[in-house]
Amino acid sequence: MGLVDRGRLPAPLTKLFNLGRSYSMWVYQWGLACCAIEMGAAFGSPRYDVMRLGVIPLPASPRQADLVVVSGTVTDKMAPAVKRLYEQMPEPKYVISMGSCANCGGPYWDSYSVTKGVDQIIPVDVYVPGCPPRPEALLEGVVLLQQRIKNEDMAARWRGEGFTPLQRSESEPIVVGGGPIE
Amino acid sequence: MVVPLSDDLRPSIVDRLRADLGDDLVEVHLIPDVDLWVRVNAAAWRQAGTSLRAAGFDYFCFLSAIDWMPSPYGRGEDDPSAEPAEEDPSASEIRQGYAGGETRFQLLARVTDIRRHVSVTLKADLLEDADGRMSVPSWIPVHAGANWHERETHEMFGINFEGHPDLRNMYLPGDFEGHPLRKDFPLLARMVKPWPGIVDVEPMPVSADGGDES
Amino acid sequence: MTMLSERQQLSYIAAQAADARLNVELETEGMTLNIGPQHPATHGTLRIIARLDGEQVVWAEPSAGYMHRGYEKLTEVRTYPQVTALINRIDWLGSFANEVPFILAAEQLMEVEAPPRAQHIRTILFELSRIANVSLFLGDLGVQMGAVTPVFMAFRDREYVLNLIEGATGGRFHPNFDRIGGLKDDLPKGWIDETRQVMKKLRNFCDEIEDLLFGNEIFQSRTRGIGVIPAEVAKEYGLSGANLRASGVDWDLRRDQKLPLAYDKVDFKVWTHPDGDSWARCWIRLQEVREATRIVDQLIETIPSGPVMAKVPRIIKVPEGEAWVSTENPLGEMGYYVVSKGELGPFRVKIRSASFNNISITPWVLKGVYVPDIITILASLYFILGDIDR
């Protein structure tokens with residue numbers, strides 16, 4: 001992938017790669033609280049069946065994962081572990097923040113021990129609101145992330161510039177069922 | 001299984017405790033057929049546990065504490081930018097609950113007799129010494145399960161349990177300062193911005209012609 | 001007491017002796033194994049630090065607190081209806097069951113009693129949340145021992161129960177349906193027929209799990225005689241629920257206390273098992289799901305008519321006093337010690353959650369076991385992290 005390493009990639013090739021990447025995501029389930037059960041229902045149950053979207057919920061380690069779903073309350077004691085986990089993942093990596101607690105602290109907004117939003121520690125691509133969100137909402141979050149990946153400038157990602165869209169028209173950040181967060 | 005219908009049982013428990021503890025049993029509050037509260041001296045805390053255990057209360061339910069001081073921050077629902085309201089002197093008065101008390105902190109424990117289907121809530125006043133430290137004998141020799149409960153109480157209230165092998169923090173990181181369940185521990189998130197539950201101050205939505213939307 | 005500490009000492013000495021012997025014979029060094037805080041075998045974010053000698057655990061200590069959200073402090077700055085919404089999330093698998101003891105404690109202080117219909121529906125939803133909770137345990141049990149199929153079956157059949165709860169309350173997970181003085185709403189039309197069908201499905205699920213897991217040789221050899229907890233130890237640590245009954249203690253708060261719930265109107269059996277090992281704990285839970293479906297079946301036939309809400313003031317102020325109410329939750333005894341000062345919110349709430357006591361026995365029970373047994377013992381003790389840390 002010499003072209004990619006040099007940070008130059010023709011647009012059609014980028015689109016082809018993006019298509020492939022968006023439908024072969026290995027997701028690491030970082031289940032923390034109530035949302036973990038709904039995530040389990042979305043990823044592990046026959047009714048919701050996430051694999052039809054091209055997402056494989058099987059890696060046993062963050063080092064094999066492309067995507068992590070942070071589902072549940074992140075406490076201040078847990079936050080270093082979350083950060084370390086994120087750092088162990090290989091690039092390119094994506095994060096879905098699932099549930100109100102991971103988004104902003106949720107019902108524990110005034111607690112002394114809860115981190116008010118996982119985006120204080122790691123960058124988040126898609127927010128799924130709800131307490132807890134239904135499995136369908138998480139699946140929509142996965143679909144939105146796939147759209148985001150399809151619109152990503154892959155070469156910029158390789159140059160270490162983070163997420164750069166090919167066409168700048170997306171509403172950022174992406175929230176399931178709504179526009180940008182105020 | 002015999003379930004007591006009229007409450008002869010709880011007074012008999014009190015009698016038995018009084019025989020064992022003597023003057024260390026300070027006060028009793030009894031609601032017939034509902035529950036029993038007994039306040040003992042902190043010095044006799046372990047002895048009360050042993051005595052109850054010998055009387056058949058061998059099921060350990062929980063151990064915790066209460067801070068009776070009213071919170072100096074109120075309920076944290078006021079707008080922090082607003083002028084402070086008039087001080088109500090009765091609001092800062094310490095009032096203890098059932099079975100009375102004299103100190104700000106009280107220990108609280110509950111044990112159950114599974115055979116007779118009856119429970120006792122034990123309380124004990126905790127005197128603070130000059131440095132504000134409180135100390136009470138550990139209940140681990142009475143009920144081994146008290147171990148984690150005492151760790152939790154130590155962390156949340158700063159009460160020391162003599163003879164406890166390991167009073168490390170259980171929930172919070174080791175460098176956490178303060179004891180969260182003390183009433184004078186502030187919830188900082190409530191201090192820095194208005195409580196979002198006050199919804200009535202928001203103006204009602206108004207449609208284009210000036211009338212109410214409804 | 002003396003007997004217990006002797007027993008504890010003996011097991012400790014045995015572990016130490018094994019440790020010393022191995023060290024002399026093989027000149028091995030102990031090692032420290034860290035499991036967690038995020039590990040598939042710990043149902044959440046429990047961290048276990050175990051000191052090993054070969055394959056044997058010399059000493060093990062769970063490290064909780066990764067899910068501590070400060071419930072007891074937060075209840076002090078919330079009003080009673082807000083607390084109900086919050087405490088749903090303590091034991092997130094049996095949410096409705098968390099609300100009931102708190103509401104009952106508040107009602108006891110206010111001297112209000114819910115109408116009979118509300119009590120009845122409360123009991124039905126209580127048992128449904130038990131089914132939703134424990135059926136996931138039964139599925140998860142297989143995963144801990146390398147059998148993946150049961151968890152798919154559990155998620156499949158649990159959805160039916162969640163649909164029922166959602167149909168009645170509007171929330172799959174956190175209903176927030178209880179009100180002081182009754183319930184938010186009545187049951188929807190057609191709900192009872194559907195419940196009848198679902199209970200049949202759940203009994204089939206129990207039969208399937210029993211065939212698949214409990215009859216399995218590997219499952220039996222990994223759980224029989226492993227992690228034995230004698231009755232005295234169980235009581236001393238305050239174990240409750242199925243863990244206590246698996247040690248032969250016949251204690252069930254549904255039967256053994258008088259609460260304004262409809263348990264006295266149904267016929268059900270409280271299962272106990274004399275063994276106290278992992279297998280007994282799992283087996284008791286299986287029977288409890290069956291028993292719960294029977295309770296629901298009986299209750300839906302006899303729902304009394306009438307209102308679902310008693311007369312309570314619009315703004316709820318609970319009179320000064322203290323109350324303790326505990327119920328037999330899916331995980332064990334869950335109780336709230338509510339201290340009120342006559343204000344809009346509670347002055348102090350001590351939450352006695354079942355898992356906290358259930359898991360506090362792990363340093364005792366893990367001493368001297370083999371490493372793979374850590375997982376099965378923890379699985380059979382069945383805890384939920386939110387219920388430990390609160």
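Chain letters run A, B, ... following the sequence lines, proteins first, then strands; residues in each count from 1.
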Measure [X] against the heavy atoms of chain C and call it side chain, backbone, both or neither at under 4.5 Å.
{"X": "B/Trp68", "result": "both"}
{"X": "B/Ser119", "result": "neither"}
{"X": "B/Asp67", "result": "backbone"}
{"X": "B/Ile31", "result": "neither"}
{"X": "B/Val111", "result": "neither"}
{"X": "B/His149", "result": "both"}

Residue part contacting chain B, namely of [X], when any heavy atom lies under 4.5 Å:
{"X": "C/Glu72", "value": "both"}
{"X": "C/Tyr337", "value": "side chain"}
{"X": "C/Ser240", "value": "both"}

**Item:** C/Glu61 bridged to B/Arg151 by N-O distance under 4.0 Å
**Value:**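 B/Arg151 and C/Glu61: salt-bridged.
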Run the ring-centre check on [X] versus [Y] and record whether the distance is less than 6.0 Å.
{"X": "B/His164", "Y": "B/Trp139", "value": "no"}
{"X": "B/His143", "Y": "C/Tyr237", "value": "no"}
{"X": "B/Phe161", "Y": "B/Trp45", "value": "no"}

**Item:** Matching residue for C/Leu244 among C/Asp252, C/Ile229, C/Ile284, C/Val249 - test: side chain to side chain contact (heavy atoms under 4.5 Å, CB included)
**Value:**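 Per the side chain to side chain contact (heavy atoms under 4.5 Å, CB included) rule, the option paired with C/Leu244 is C/Val249, out of C/Asp252, C/Ile229, C/Ile284, C/Val249.
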Side-chain donor-acceptor contact under 3.5 Å, [X] with [Y]:
{"X": "C/Arg390", "Y": "C/Ser353", "result": "yes"}
{"X": "B/Ser64", "Y": "C/Arg348", "result": "yes"}
{"X": "C/Arg47", "Y": "C/Tyr66", "result": "yes"}

**Prompt:** Based on non-hydrogen pairs under 4.5 Å, which of C/Glu322, C/Lys73, C/Met67 is most in contact with chain B?
**Reply:**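 Looking at each of C/Glu322, C/Lys73, C/Met67 in turn, C/Glu322 comes out on top.
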**Request:** Between chain B and each of C/Leu74, C/Leu253, C/Ile359, count heavy-atom pairs under 4.5 Å; write down the option with the most.
**Result:**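 Highest number of pairs under 4.5 Å: C/Ile359.
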